[in-house]
> 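Have a look at the structure that comes next, please.
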Amino acid sequence: MGLVKASITGVNGYTPDYVLTNKELESMVDTTDDWISSRTGIKERHILKEEGKATSDMAVEAVNGLLKKTNTRPEDIDLTICGTVTPDTVFPDTANTINHKIGAINAWGFDVNAACSGFLFSLSTGARFIESGRYKKVLVIGADMMSSIVNYEDRTTCILFGDGAGAVLLEPSTTGFGLEDEELRGDGSGREYLLMRAGGSLNPPTAETVARKEHYVFQDGRPVFKAAVKGMAQTVQQVMDRNQLSSDDITWLVPHQANLRILSSVSEMLGFSKDKVMINIHKYGNTTAATIPLCLWEWENQLKKGDKLILTAFGGGFTWGATYLTWAYDQ
Ligand code: UT7
């Protein structure tokens, strides 16, 4: 890592008003609240229903609140990185749309496509810019409108996902706390298990791809489940070993919220008691790139300067990893 340490100096989140409950899903597909609760831990998820609204609009809500909280002027933002698999448009990217909407007139930006690891990969990228010494204020966003790519006739996926956005501000550390270490990984051989089959250059959109429902999320859940448990547990352990940390030393484990059973397995394997694991999957479901910043936002008032956090994620690609950071401020 460079001499300048990047630290998170603020966090904010946004979820749309509409709440899609398990009960409502029971009327849409052949499922039950009991199955969803026991197999995933999810009770409800928020869905963006407003006509003409997209991922950038949720991100803008999160970022505007963040700028206010941190007394940051939009024109002082240098760079915006947005982790998302549901960009407003295939191109241009969503980060530039966000910059335009918030008035970040001196910033540039780009999207990071790493599915559920989107926030971790974006955070890593943003930290490198801060560490270079040239960038002073970097917005890192995880935002996904999963409802735009979910087939609400497919009970194996529609029960899982929700919409939301979370954002953090990265600045050079003034306290000595910040991003300490990471172990980020990818394995393209896993791409067939979790993907959107059409719409890209391999299978451009046609009437046939639409008829075959290939513009929706496809997931083969079991292999993803197994790889997620293994990948998250291994990378968290690697980061802890490298920094001579045990689970007792870590204040909070912040896992991507994909399935409560995955979170429980990973926490147990690593020896984390439940009260040290951020879990809000019951309220939001899997919001893809937004799950981790939404957790940080919800727990912000409990976080203290110097707290040791490990963030971990696993997602389509496959992509996965763990990031170790020390919290830089008291709220
Ligand atoms: O965030 C990115 C990474 N994603 C993940 O980490 C997700 C990983 N995978 C999972 O979380 C789980 O695999 C799922 C929640 C997707 C599925 O749970 P599962 O325990 O692996 O179920 P399964 O796919 O093995 O299906 C078991 C049964 C099947 O019926 P049969 O073949 O045993 O008769 C499914 O058809 O459950 C059935 N099923 C359902 N039943 C009621 C599948 N979805 C539903 C449903 N309601 N919504």
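Counting convention: from 1, in listed order, for ligands and their atoms alike. Everything numeric in this text was worked out from a predicted model, so none of it was measured.
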> Charged N to carboxylate O below 4.0 Å: is that the case for Glu61 and Lys53?
no
> Which bit of Phe225 is near ligand 1, meaning a heavy atom under 4.0 Å away: side chain, backbone, both or neither?
both
> What part of Thr288, side chain, backbone, both or neither, has a heavy atom within less than 4.0 angstrom of ligand 1?
neither
> Verify, without hydrogens or angle tests, whether Asn203 (side chain) and Arg197 (backbone) share a donor-acceptor contact under 3.5 angstrom.
yes
> At a 4.0 Å threshold, what atoms of ligand 1 neighbour a non-hydrogen atom of Asn286?
1 (O), 2 (C)
> Are there more than 12 heavy atoms of other residues, nucleotides or ligands under 6.0 Å from atom CG of Asp17?
no
> Identify, by atom number and element, the atoms of ligand 1 in contact range of Arg39, meaning under 4.0 Å from any of its heavy atoms.
20 (O)
> Only one of Lys43, Lys23, Arg39 clears salt bridge (Lys or Arg N to Asp or Glu O under 4.0 Å) with Asp33; which?
Lys43
> Mark whether atom 43 (C) of ligand 1 lies under 4.0 angstrom from at least one protein heavy atom.
yes
> Does ligand 1 have a heavy atom under 4.0 Å from the side chain of Thr40, from its backbone, from both, or from neither?
side chain
> Does His256, backbone or side chain, put an N or O under 3.5 Å from an N or O of ligand 1?
yes
> Taking all non-hydrogen atoms of both residues, which atom of Val11 and which atom of Val168 are closest, and how far apart?
CG2-CG1, 3.8 Å
> Taking 4.0 angstrom as the limit and counting only heavy atoms of Ala258, give me the atoms of ligand 1 inside it, by number and element.
1 (O), 5 (C), 6 (O)
> Has Val29 got any heavy atom lying under 4.0 angstrom from an atom of ligand 1?
no
> Going by distance alone, is a donor N or O of one side chain under 3.5 Å from an acceptor N or O of the other, for Ser147 and Asp163?
yes
> Quick one: which ligand 1 atoms are inside 4.0 Å of a heavy atom on Gly221?
8 (C), 9 (N), 13 (O)
> Among protein heavy atoms, which sits nearest to atom 47 (N) of ligand 1, and what does the distance come to when rounded to 0.1 Å?
Thr31 OG1, 2.7 Å
> What part of Thr157, side chain, backbone, both or neither, has a heavy atom within less than 4.0 angstrom of ligand 1?
neither
> Any non-hydrogen atom of Ile36 lying under 4.0 Å from ligand 1?
no
> Rounded to the nearest 0.5 Å, what separates atom CD1 in Ile141 from atom CZ in Phe119?
10.0 Å
> If hydrophobic clusters are built from ILVMFWY residues whose side chains come within less than 4.5 Å, do Ile42 and Val229 share one?
yes
> Which residue holds the protein heavy atom closest to atom 22 (O) of ligand 1, what is that atom called, and what is the gap in Å?
Trp35 CZ2, 4.0 Å
> Would you mind finding which of Glu26, Arg155, Gln219 brings a heavy atom closest to atom 48 (N) of ligand 1?
Arg155
> Any idea which protein heavy atom is nearest atom 3 (C) of ligand 1, and the distance to it?
Val224 CG1, 3.6 Å
> Are any side-chain N or O atoms of Asn113 and backbone N or O atoms of Val85, one a donor and one an acceptor, separated by less than 3.5 Å?
no
> Atoms of ligand 1 less than 4.0 Å from Ile262 heavy atoms?
6 (O), 8 (C)
> Going by distance only, is there an N or O of Asn259 that falls short of 3.5 Å from an N or O of ligand 1?
yes
> Verify the contact flag for atom 34 (O) of ligand 1, where contact means a protein heavy atom under 4.0 Å away.
no
> Just to confirm, does any protein heavy atom lie below 4.0 Å from atom 6 (O) of ligand 1?
yes
> May I ask you to decide whether Arg73 forms a salt bridge with Asp76, counting only side-chain N to carboxylate O separations under 4.0 Å?
yes
> Counting C-beta onward and ignoring hydrogens, is there a side-chain heavy-atom pair between Arg128 and Tyr135 closer than 4.5 Å?
no
> To the nearest 0.5 Å, what is the distance between CZ on Phe161 and CE on Met145?
14.5 Å
> Just by modelled atom types, is the Val236 backbone N or O under 3.5 Å from a matching donor or acceptor in the Thr312 side chain?
no
> Tell me which one of Met146, Lys226, Arg222 gets a heavy atom nearest to atom 24 (O) of ligand 1.
Arg222
> Counting only nitrogen or oxygen atoms and a 3.5 angstrom limit, does Ile159 reach ligand 1?
no
> Before accepting this row, confirm whether a basic side-chain N of the pair Asp57/Lys101 lies closer than 4.0 Å to the acidic partner's carboxylate O.
yes
> Could you tell me whether atom 10 (C) of ligand 1 has at least one protein heavy atom nearer than 4.0 Å?
yes
> For atom 2 (C) of ligand 1, what is the closest protein heavy atom, and at what distance to 0.1 Å?
Cys116 SG, 3.2 Å
> With distance as the sole test, does Lys308 use its side chain to make a donor-acceptor pair with the main-chain N or O of Leu245 at under 3.5 Å?
no
> Which atoms of ligand 1 are found less than 4.0 Å from any heavy atom of Arg261?
18 (O), 19 (P), 20 (O)
